Amino acid sequence: QVQLVESGGGLVQPGGSLRLSCVASGSIFSINVMGWYRQAPGKERELVATITSGGSTNYAGSVKGRFTISRDNAKVYLQMNSLKPEDTAVYYCNAAIVHFSGGAWYGPYNYWGQGTQVTVSS
């Protein structure tokens with residue numbers, strides 16, 4: 001009923017930039033928090049950045065000052081500058097979504113996108 005579709009990943013040289021996009025669609029009443037997570041080979045998935053419906057943001061220390069998260073309703077973006085090889089990972093979009101049905105609210109429930117590969121290499 002809900003889909004999160006990411007785009008914008010790819011191969012970039014160290015010091016370069018990429019912009020990731022994610023759009024949520026389906027049976028959505030509201031979205032509380034949207035965010036980006038990443039998972040490098042052999043490592044656990046980790047938080048990159050989140051943004052609330054009110055615009056409050058939170059960043060992992062490793063990306064603060066280099067990455068910027070922004071949001072436009074059901075779309076979330078991640079502008080990544082000064083990329084480093086250690087930023088190489090699959091990046092996942094996440095959204096906490098509230099549904100409304102039969103006169104009642106349900107959630108928020110956590111949804112994930114399919115992931116987009118970001119590779120930083122010379």
Side-chain angles (χ1 to χ4, degrees):
Q1 284 189 327
V2 171
Q3 276 193 317
L4 299 181
V5 180
E6 301 117 332
S7 60
L11 173 64
V12 64
Q13 292 187 341
S17 298
L18 280 175
R19 186 178 190 239
L20 304 183
S21 301
C22 172
V23 57
S25 62
S27 178
I28 298 171
F29 176 78
S30 65
I31 305 177
N32 292 358
V33 181
M34 299 189 81
W36 291 95
Y37 292 71
R38 66 187 182 187
Q39 187 167 16
K43 295 187 177 181
E44 293 195 352
R45 191 173 296 188
E46 63 176 4
L47 179 146
V48 176
T50 61
I51 184 167
T52 69
S53 56
S56 297
T57 59
N58 180 49
Y59 294 92
S62 59
V63 306
K64 200 171 290 185
R66 300 188 297 123
F67 291 9
T68 302
I69 190 169
S70 60
R71 179 175 169 178
D72 178 13
N73 292 323
K75 299 177 183 177
V76 65
Y77 307 95
L78 187 68
Q79 178 66 44
M80 304 185 294
N81 299 328
S82 302
L83 282 160
K84 305 175 181 180
E86 50 264 43
D87 294 317
T88 296
V90 178
Y91 283 69
Y92 295 92
C93 175
N94 174 269
I97 295 175
V98 176
H99 304 284
F100 184 81
S101 177
W105 287 269
Y106 299 89
Y109 297 105
N110 225 17
Y111 292 90
W112 294 92
Q114 80 285 357
T116 185
Q117 177 71 45
V118 171
T119 302
V120 184
S121 175
S122 55

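As a basis for the values below, the full set of heavy atoms in this structure was taken, side chains included, without hydrogen atoms, waters or symmetry mates. Remember, predicted model here, so these are calculated numbers, not experimental data.
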All side-chain hydrogen bond (donor to acceptor under 3.5 Å, both in side chains) counterparts of Gln3, not counting sequence neighbours: none

Validation row: Thr116, Ser7 side chains within 4.5 angstrom (heavy atoms): no

Exam field: side chain Gln117 to backbone Gly9, donor-acceptor pair closer than 3.5 Å: no

Verdict with reasoning, Asp87 to Met80, per side-chain contact (heavy atoms from CB on, under 4.5 Å): CA-CA 9 Å; Asp87 294 317; Met80 304 185 294; over 6 Å; no

Asn58 (side chain) donor-acceptor with Ile51 (main chain) under 3.5 angstrom: no

Side-chain (Glu6) to main-chain (Cys93) donor-acceptor, under 3.5 angstrom: yes

Considering all heavy atoms, the nearest Val23-Lys75 contact: CG2-CG, 3.9 Å

Note, Val120 side chain near Pro14 side chain (heavy atom, < 4.5 Å): yes

Met34 vs Ile69 side-chain heavy atoms within contact, under 4.5 Å: no

Any side-chain heavy-atom pair of Thr68 and Tyr59 under 4.5 Å: yes

Any side-chain donor near an acceptor of the partner, Ser17 and Asn81, under 3.5 Å: yes

Verdict with supporting geometry, Val76 and Ile31, side-chain contact (heavy atoms from CB on, under 4.5 Å): CA-CA 11 Å; Val76 65; Ile31 305 177; over 6 Å; no

Side-chain donor or acceptor of Arg45 paired with backbone N/O of Leu47 under 3.5 Å: no

Main-chain N/O of Tyr77 paired with Ser21 side-chain donor or acceptor, under 3.5 Å: no

Donor-acceptor contact present, side-chain Glu46 to main-chain Arg38, <3.5 Å: no

Any side-chain heavy-atom pair of Phe67 and Leu18 under 4.5 Å: no

Flag side-chain contact, heavy atom, 4.5 Å: Thr50 against Tyr37: yes

Side-chain heavy-atom pair Trp36, Cys22 within 4.5 angstrom cut-off: yes

